[in-house]
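For clarity, every value in this text was computed on a predicted model and none was experimentally measured.
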Amino acid sequence: GFPRALEAGLAREAALCGPLVAGDITRNLIAVFQASERARRLTVEARDGDGSLAREPFAAVLGAGVMGAGIGALLLQNGIETRMRDLDGSALARGLSEISKQLARHAAQRRYSRAETEAMYSRLTHTTALVGFGRSDVVLEAIVEKLAVKRRALAEMEGLIPAGAIFATNTSALRVTEIQREARHPERVIGVHFFNPVHRMPLVEVIPGERTASWAVARAVALAQRLGKFPVVVKDGPGFLVNRLLLPYLDSACRLLLRGVPGPRIDAAAVAYGLPMGPLRLLDEVGIDIAVEVGATLHAAFGERAAPAPVLAELAGAGRLGRKCGIGFYRHPQRGNPVWDFVPPAGMAVTAAPPANDGELADYLLDRMVDEAARCLEEEIILTPAEVDLALVMGIGFPAFRGGLLRAADRGGLGAVVARLSARATAGEATSASPLLAKLAAESRGFESLAPRRTERAPAVAAIQI
Ligand code: NAI
């Protein structure tokens, strides 16, 4: 009869909905959502200055290259008056045309009307000279990645900008503390690290140098939020957070190649895990030369465990710099999909058994990243595992349904991570578990058990209320 059918129906509904509502994937997605809400609402107490602005901000952007143009377009879309400078007139022209292309694309997607787009573009002025910066509230520096050049640009602007302005550098790996070292007002210098492409990647790393004032941190966080990004405050250290974690992952992919695993198989395993593209494809996108540079910085800072596999240097030496020059690991035809095109020299081969299936390949790629994240927590580069997870979801497209790197590692068991790392060490790789990872594994705990304690002990950025 009807009542029975209803009961059976409800029972079936409960049986099916239960796992959906309370299952792992739901819990993972909720955790990522909560972390992103915290980042969205992150407020920083401004102790010795004004953390807020009473009027519409005025931004200066230095450098009209890949990042400068992306940041410029983002500022304009958020209604911020922007003045852009590049030393080189033709670079400036290219940057302006890139900005107008980005704004037009949004108009075409009907995110803004034509009139709105024109109003945005009308708030942009440009120059190759050092004029018109007296009203700047924030300078976003996106010029070449050279310490001396960045210091010079800072010195030039210091004479021009108002006392309450911040100078935000988009450096990938230079220490903010080094950039601010010779400044007259080091307290207002800060790292604000956007990811490429700027309009697509929601993460911004905010990096106070040793002498940055808390009001400048507050302003940088507020700016990132105003631009619709998710700010994560990280301590000044080699590679900050995301690039530091990315490198061991990319290097692990190179080591799999040397163990005889075909490149496309490695990339497919990462995609099967849920990443937007495989590590070797990503290296081609980033540029092999850039990856070699960042790798060298991290090797110099961390020694043996960050020693790069010889694969990237081999490619760079052969002029195979990735997609920008048509060939890297893959051949990149004008049209159609990239085609795998690399065989590591026989002399580099490593005689160690390769992982057997997609799951083991993914573990191999991610284990060293987990270990490096533990080191970042130990060094207080970042304060909570949830922020690590958020940063990787928002910065490299780590699959949210897995809840982020450390939640996924907790789920699989940290003991297993440690065991796999030590098996690699016996096969001749310079890996070992960090003291924190080893301790958690030995006590059968997860990163999750750390969260409250790490937030309390927050000396470097004590002003931040999460
Ligand atoms: P880019 O080479 O495309 O552009 C740099 C521009 O700065 C050039 O147009 C150059 O003429 C100009 N320039 C040099 N000195 C200047 C000065 N004193 N004043 C004004 N303009 C000057 O470089 P890109 O890729 O945009 O990188 C800029 C910064 O952003 C670098 O520090 C880089 O490490 C960082 N970054 C780059 C990412 C990327 O994927 N390309 C991602 C995140 C950060």
Write down the atom of [X], the atom of [Y], and the distance for their closest heavy-atom approach.
X: Trp215; Y: Ala163; value: CH2-O, 4.2 Å
X: Gly239; Y: Leu298; value: N-CD2, 3.9 Å
X: Leu312; Y: Ala291; value: CD1-CB, 4.1 Å
X: Ile190; Y: Ile207; value: CG1-O, 3.4 Å

Among residues at least two apart in sequence or on other chains, which ones pass side chain to side chain donor-acceptor pair (under 3.5 Å) with Gln180?
Thr212
For Ser172, which residues count as a side chain to side chain donor-acceptor pair (under 3.5 Å) partner, sequence neighbours excluded?
none
Give a yes or no on whether the backbone of [Y] and the side-chain of [X] come within a donor-acceptor separation of less than 3.5 Å.
X: Asp410; Y: Phe447; value: yes
X: Glu372; Y: Arg368; value: no
X: Asp358; Y: Ala272; value: no
X: Arg259; Y: Ala353; value: yes
X: Asp267; Y: Leu280; value: yes
X: Ser136; Y: Ala59; value: no
X: Arg40; Y: Pro231; value: no
X: Gln225; Y: Leu42; value: yes
X: Asp137; Y: Ala165; value: no
X: Asp367; Y: Leu421; value: no

Tell me which donor-acceptor pairs under 3.5 Å the side chains of residues 314-324 have, and how far apart each pair is, sequence neighbours excluded?
from	atom 1	to	atom 2	distance (Å)
Arg320	NE	Gly328	O	3.1
Arg320	NH2	Gly328	O	2.8
Arg320	NH2	Asp341	O	2.3
Arg323	NE	Glu285	OE1	3.0
Arg323	NE	Glu285	OE2	3.1
Arg323	NH2	Glu285	OE1	3.4
Lys324	NZ	Asp289	OD1	2.9
Lys324	NZ	Asp289	OD2	3.2

Decide, yes or no, whether a salt bridge links [X] with [Y] under the criterion of side-chain N to carboxylate O below 4.0 Å.
X: Lys150; Y: Glu178; answer: no
X: Arg41; Y: Glu37; answer: yes
X: Glu380; Y: Lys235; answer: no
X: Arg281; Y: Asp284; answer: no

Answer with yes or no whether the side chains of [Y] and [X] bring together a donor and an acceptor at under 3.5 Å.
X: His193; Y: Asn170; value: no
X: Arg305; Y: Ser434; value: no
X: Glu158; Y: His185; value: no

Val294 and Leu247: CA distance, side-chain angles, deciding distance, side-chain contact (heavy atoms from CB on, under 4.5 Å) verdict
CA-CA 8 Å; Val294 179; Leu247 262 282; 3.8 Å; yes
I'd like to check the side chain to side chain contact (heavy atoms under 4.5 Å, CB included) partners of Pro310; sequence neighbours left out, ordered by chain and number.
Leu258, Met348
With sequence neighbours excluded, residues passing side chain to side chain contact (heavy atoms under 4.5 Å, CB included) with Asn78:
Leu74, Leu227
For a 4.5 angstrom cut-off between non-hydrogen side-chain atoms, does [X] reach [Y]?
X: Leu223; Y: Arg219; result: no
X: Leu174; Y: Glu145; result: yes
X: Met84; Y: Leu62; result: no
X: Leu283; Y: Phe329; result: yes

Under 3.5 Å, which donor-acceptor pairs link side chains of residues 390-409 to any protein atom two or more places apart or in another chain?
from	atom 1	to	atom 2	distance (Å)
Arg402	NE	Tyr273	O	2.8
Arg402	NH2	Tyr273	O	3.2
Arg407	NE	Asn28	OD1	2.9
Arg407	NH1	Glu448	OE2	3.3
Arg407	NH2	Asn28	OD1	3.4

Show your working on side-chain contact (heavy atoms from CB on, under 4.5 Å) between Val388 and Cys376 and close with a plain yes or no.
CA-CA 9 Å; Val388 173; Cys376 288; 5.8 Å; no
Parallel, tilted or perpendicular for Trp340 and Phe342, by the 30°/60° rule?
perpendicular
Check step by step if side-chain contact (heavy atoms from CB on, under 4.5 Å) holds for Ile179 and Thr177.
CA-CA 6 Å; Ile179 295 173; Thr177 302; over 6 Å; no
Checking side-chain contact (heavy atoms from CB on, under 4.5 Å) for the pair Thr171/Glu141: CA distance, chi angles, key distance, verdict?
CA-CA 8 Å; Thr171 181; Glu141 174 273 300; 5.5 Å; no
To the nearest 0.5 Å, what is the distance between CG (Leu377) and CG (Leu383)?
8.5 Å
Stepwise salt bridge (Lys or Arg N to Asp or Glu O under 4.0 Å) test for Glu443 and Lys439
CA-CA 6 Å; Glu443 295 170 1; Lys439 179 169 180 290; 3.6 Å; yes
Salt bridge (Lys or Arg N to Asp or Glu O under 4.0 Å) between Arg375 and Glu378, worked out:
CA-CA 5 Å; Arg375 293 173 195 271; Glu378 278 177 320; 5.5 Å; no
Answer yes or no: are there more than 12 heavy-atom neighbours, outside Glu187 itself, under 6.0 Å from its atom CD?
yes
I would like to know whether Ser252 and Arg424 meet side chain to side chain donor-acceptor pair (under 3.5 Å); could you show each step before the answer?
CA-CA 11 Å; Ser252 294; Arg424 277 161 80 166; 3.1 Å; yes
